[in-house]
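As structure tokens, the structure follows; a few thoughts come after it.
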Amino acid sequence: YVKMEFKSVPPIILTVEFILAFLLALYILHRYADLRRQNPFVTISTLIVWFLSFVIIFLLPVDVSSAFYRSCISDGSSNVTLCSDLYCNGDVPDNWINMSDNLSSYCHSLNCYQPYSFICVLPLEILWYLIYWLFFMLSWIVLPLAQSYVLAGYFSIGKKLLRALIENAVFYITLLIIVVILFVYLIVVEKLFALEQLPYIIATASNTWGLFILAFLLGYGLVDVPRGIFQASLHTYTLNHCYFRAAKLYIDMAEANEDLQEVTQRVKSISQTIHYNDSLRKYVDQVIKKFPSDIRTEFSKGHDDFEDFTPSEDMLTKSSLETLYKKVTKTVRLANSIKIQWTTLTDQALDLEDVET
């Protein structure tokens, strides 16, 4: 192959789309997350997931338009690959060197409009493979491990990571055993397919499951989004719906606050019992750090050395503090989640009341 000059449109639009996807993901993350208090790992992983999600939305029209263009120049002749090579990188076979102008004229004569966002097959395949495997790693390995790591309830990083690995290993092994039993039943008992067809059946089942989820979510969105927009225009209906949700959410918030007060009193008692020179004090301080800043000021620092402290009835150990640490983590997360929902709902109700009045 030799090179010949051919006018090609650089993928400027694709670069702009990538930048817009990143800025959009960054804006939403800034809008709905507390970046100063949030763990950097959580911030980065969430930003990557949202960025890839928006990239798919922007990349799909580019892929479709490029596919239509390649379909246009593929008129069933043997020159399809030649035209594709010519349009993508200017490659011309040695036996066409003397007729390169004829090949260029032939490709131009097809009257196919090249879109400004046209990308050749190889870069698109690399992008889709990269997006797919990044999503696969994040969905099945990184994010589940991170979730289990946060909720592990241990003080050391090694124990948290080990607990996260064990929990996810149990889940995946259980899922694998169920799938193996199902396929053994289909092969041996039902004799629906031969063993040689197993890889194709697995690939087909995976694609079918993905398409089913995609169709379900798209169908739900196509119905729910227009319905939500229409109902939002009905102020009285939306306000009554807010009142209904507020009644249930208020009960949930009261229960969450009650649980939070219970664990707060428990930690206060332990904080007064464990002094600054105790070996367990550093673990108590880690438990206290899980509470919101307005509650942390209520805890004792363990610097008081009075003789009249009443020791706890329970024998405090590192294991018992780890159990308490896990309970505090879940209780505080639930209370904060319900509090945010309540604040959002009351703001919406107050705005609707202003509109109605």
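This structure is a prediction, so every number in the text was calculated from the model and none was measured.
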To the nearest 0.5 angstrom, please state how far the [atom1] atom of [X] sits from the [atom2] atom of [Y].
X	Y	atom1	atom2	value
Arg163	Tyr154	CZ	OH	5.0 Å
Leu165	Leu161	CG	CG	4.5 Å
Phe54	Leu20	CZ	CG	11.5 Å
Leu151	Lys160	CG	NZ	10.0 Å
Leu234	His241	CG	NE2	12.5 Å
Phe135	Ile131	CZ	CD1	7.5 Å

Distance only, no hydrogens: is a donor on one side chain within 3.5 Å (strictly under) of an acceptor on the other, for Trp128 and Asp63?
yes
Verify whether one side chain among Gln265 and Ser269 offers a donor that lies under 3.5 Å from an acceptor in the other.
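There is no such pair (donor and acceptor under 3.5 Å, judged by atom type) between the side chains of Gln265 and Ser269.
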Indicate yes or no: at least one non-hydrogen side-chain atom of [X] is less than 4.5 angstrom from one of [Y].
X	Y	answer
Thr344	Gln348	no
Ile295	Leu260	yes
Thr43	Pro40	no
Leu24	Phe51	no

Partner set under salt bridge (Lys or Arg N to Asp or Glu O under 4.0 Å) for Arg31, not counting sequence neighbours
none
When you measure from the side chain of [X] to the backbone of [Y], do you find a donor-acceptor pair of N or O atoms at a distance under 3.5 Å?
X	Y	answer
Ser271	Val267	no
Thr238	His235	no
Asp224	Tyr220	no

Starting from Val142, can I reach Leu162 by hopping between I/L/V/M/F/W/Y residues whose side chains sit under 4.5 Å apart?
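Cluster IDs for Leu162 and Val142 differ.
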Same cluster or not: Val42 versus Leu47, using hydrophobic residues (I, L, V, M, F, W, Y) connected whenever any side-chain heavy atoms lie under 4.5 Å apart?
no
Could you check whether Asp252 pairs with Lys248 (Lys NZ or Arg NE/NH1/NH2 to Asp/Glu carboxylate O, under 4.0 Å)?
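So Asp252 pairs with Lys248 through a salt bridge.
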Do the rings of Trp140 and Phe136 sit parallel, tilted or perpendicular, given the 30° and 60° boundaries?
tilted
Taking the ring of Phe18 and the ring of Phe58, is the distance between their centroids below 6.0 Å?
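No, ring centres 6.0 Å or more apart.
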Shared-cluster residues of Ile213, by chain and number - hydrophobic side chains joined below 4.5 Å:
Trp209, Phe212, Phe216, Leu217
After noting the C-alpha distance and the side-chain angles of Ser320 and Thr317, does the key distance pass the side-chain contact (heavy atoms from CB on, under 4.5 Å) rule?
CA-CA 5 Å; Ser320 62; Thr317 61; 3.4 Å; yes
Around atom NZ of Lys330, are there more than 12 heavy atoms of other residues, nucleotides or ligands at under 6.0 Å?
no
Other residues, nucleotides, ligands: >12 heavy atoms within 6.0 Å of Gln231 CD:
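Atom CD in Gln231 is packed in, count exceeds 12.
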Taking ring pair (Phe, Tyr, Trp, His ring centres under 6.0 Å) as the test, write out the residues that go with Trp342, two or more places apart.
Tyr250
